[in-house]
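To start, the structure under review is shown below, and the notes come after it.
Proteins get letters first, then strands, A, B, ... in listed order; numbering begins at 1 in each. This one's a predicted model, so the numbers in the text were calculated from it and none came from an experiment. We use all heavy atoms of the structure for the numbers below, so side chains are in, but hydrogens, waters and symmetry mates are not.
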Protein chains: 2
Amino acid sequence: MIQNLTEHDREHLQEALVKSGQKVTPQREAVFTVLLAQRDHPTVDEVFNRAREVMPGLSLATVYNCLETFVGCGLVRQVNHERESTRYCPNLAPHAHFRDKATGRVHDIELPPEVLKSLRSILPPGFDSEVIEISFHGRAQSGEQTSN
Amino acid sequence: MIQNLTEHDREHLQEALVKSGQKVTPQREAVFTVLLAQRDHPTVDEVFNRAREVMPGLSLATVYNCLETFVGCGLVRQVNHERESTRYCPNLAPHAHFRDKATGRVHDIELPPEVLKSLRSILPPGFDSEVIEISFHGRAQSGEQTSN
DNA sequence: CTTGGGAGTTAGAATGATTCAAAATCTCAC
DNA sequence: GTGAGATTTTGAATCATTCTAACTCCCAAG
């Protein structure tokens, strides 16, 4: 079910970790593997449960730690919607999120550079933004798949 | 400190409540008054503390209830940022939020219709969105005031 | 080797925002 | 004035997340 990391993905992980002074550990590999295996914006709990199939001793706290580390070195993004549990997303390209009212599922929506630019342009002078979060909430006709 | 509602604002409150089958109560008036008096995106706790100056017996649960009711009848918007406490905003015009990294303060950013439109246009066919949340996170040069 | 230190992991307790449940109060139509 | 239904209150419960302290692992120095 959960494939091992490809050589390429393992290198990606290692490079990002080492670059920010962190180590590659079996737990981090497991968590990262889980994230890449099913890109459906899982919650911490979901990651935890999936990862335990592969590494039964893994603890919840470690999953929190790993994910925090990944966010810190830019490997994954957090996705928050209202006050629901934080979800995690390994899609690094600039994108927005669409949350389906009916299913709760989160879809990635590609964000063209010109739209991003027009968004930035609405900031008054003096405001300098590093992060822009865009999230839609509504209905997606079933069958739509955009979970990159 | 906390002024009474203007006639106009009181009517606005009453109309919105009645339209969705709710009653005007002293607690709801107090909470609404607090929201209008200082449009700085307060948390529930902040609303609670401010409102108690005017109505000492008011309970926290009631503040939660009132705010939920207001959101339900479109009087105010919730503003969530990461997993911090929910904040409340009586600005009904379409706008984005800018969260100042340094102070934690939230500023409203006007959202021109054409930008809104270009945002909507990135949704693939089949996706239909009622709500769009846009939030910036970064630094605002101090002195910037955009808290309406 | 073997020892010691630092990073990482673990289990479980603690936190804190929010929600829930049940009793008390209010309000308004009759 | 009465009763039903809505609202408010208090305090307990929930639940995601964070914290704490003990433990493990690995590597580098002796």
Side-chain angles (χ1 to χ4, degrees), chain A residues 13-14 16-34 41-52 54-73 75-89 99 104 106, chain B residues 13-14 16-34 41-52 54-73 75-88 104 106:
Chain A
L13 172 63
Q14 166 158 2
L17 284 173
V18 169
K19 191 178 295 180
S20 47
Q22 317 269 359
K23 293 179 182 170
V24 180
T25 69
Q27 287 86 345
R28 286 175 180 167
E29 273 196 24
V31 170
F32 194 59
T33 304
V34 161
H41 306 86
T43 62
V44 175
D45 254 6
E46 286 163 348
V47 174
F48 179 49
N49 289 321
R50 292 175 196 173
R52 274 219 286 199
V54 159
M55 181 180 276
L58 186 70
S59 84
L60 179 59
T62 299
V63 176
Y64 273 100
N65 291 339
C66 290
L67 291 170
E68 192 191 358
T69 302
F70 294 164
V71 170
C73 59
L75 276 171
V76 309
R77 273 175 63 180
Q78 284 186 323
V79 183
N80 287 291
H81 205 273
E82 322 239 293
R83 301 213 92 250
E84 290 173 7
S85 306
T86 299
R87 294 173 176 278
Y88 291 83
C89 162
R99 176 122 174 315
V106 176
Chain B
L13 172 64
Q14 166 159 3
L17 284 173
V18 169
K19 191 178 296 178
S20 47
Q22 317 271 359
K23 293 179 182 170
V24 180
T25 69
Q27 288 86 346
R28 286 174 180 169
E29 273 197 25
V31 169
F32 193 60
T33 304
V34 160
H41 307 85
T43 61
V44 174
D45 254 4
E46 285 163 348
V47 173
F48 179 50
N49 290 320
R50 291 176 198 174
R52 275 219 286 199
V54 159
M55 181 181 276
L58 186 69
S59 83
L60 179 60
T62 299
V63 175
Y64 274 99
N65 290 339
C66 291
L67 291 170
E68 192 190 359
T69 302
F70 293 163
V71 171
C73 59
L75 276 172
V76 309
R77 273 176 62 180
Q78 283 186 322
V79 183
N80 288 291
H81 206 274
E82 322 240 293
R83 299 213 93 250
E84 291 174 6
S85 307
T86 299
R87 294 172 176 279
Y88 291 84
V106 176

Using only side-chain N and O atoms of [X], determine if any of them is under 4.0 Å from OP1 or OP2 of [N].
X        : N       : result
Gln27(A) : dT10(C) : yes
Thr86(B) : dT18(C) : yes
Arg28(A) : dG8(C)  : yes

Just checking [X]: base, sugar-phosphate only, or nothing, at a heavy-atom cut-off of under 4.0 Å?
X        : value
Asn65(B) : base
Ser59(B) : base
Thr43(A) : nothing

Would Arg99(A) and Glu84(A) pass as an ion pair if we require N to O under 4.0 Å?
yes

Quick one: [X] [atom1] to [N] [atom2], roughly how many Å, whole number?
X        : N       : atom1 : atom2 : result
Arg87(B) : dA17(C) : CZ    : C1'   : 13 Å
Phe48(B) : dT10(D) : CZ    : C1'   : 11 Å
Leu67(B) : dT8(D)  : CG    : P     : 11 Å
Glu46(B) : dG16(C) : CD    : P     : 16 Å
Gln22(B) : dC26(C) : CD    : C1'   : 16 Å

[X] side chain, from C-beta outward: closest of [options]:
X        : options                  : answer
Thr25(B) : dT9(C), dT9(D), dT7(D)   : dT7(D)
Cys66(A) : dT18(C), dT9(D), dT9(C)  : dT9(C)
Arg83(A) : dA16(D), dT18(C), dT8(D) : dT18(C)
Leu60(A) : dT17(D), dT10(D), dT9(C) : dT17(D)
Tyr64(A) : dT8(D), dT9(C), dA16(D)  : dA16(D)

Which atom pair, heavy atoms only, marks the closest approach of [X] to [Y]?
X        : Y        : value
Gln14(B) : Val24(B) : CA-CG2, 3.9 Å
Thr43(B) : Glu46(B) : N-OE1, 2.8 Å
Leu13(A) : Glu29(A) : CD2-CG, 3.8 Å

Specify the residue among Glu84(B) and Lys23(B) whose closest nucleotide of DNA chain C lies further upstream toward the 5′ end.
Glu84(B)

I'd like to know if the side chain of His41(A) and the backbone of Tyr88(A) have a donor-acceptor N/O pair within less than 3.5 Å.
no

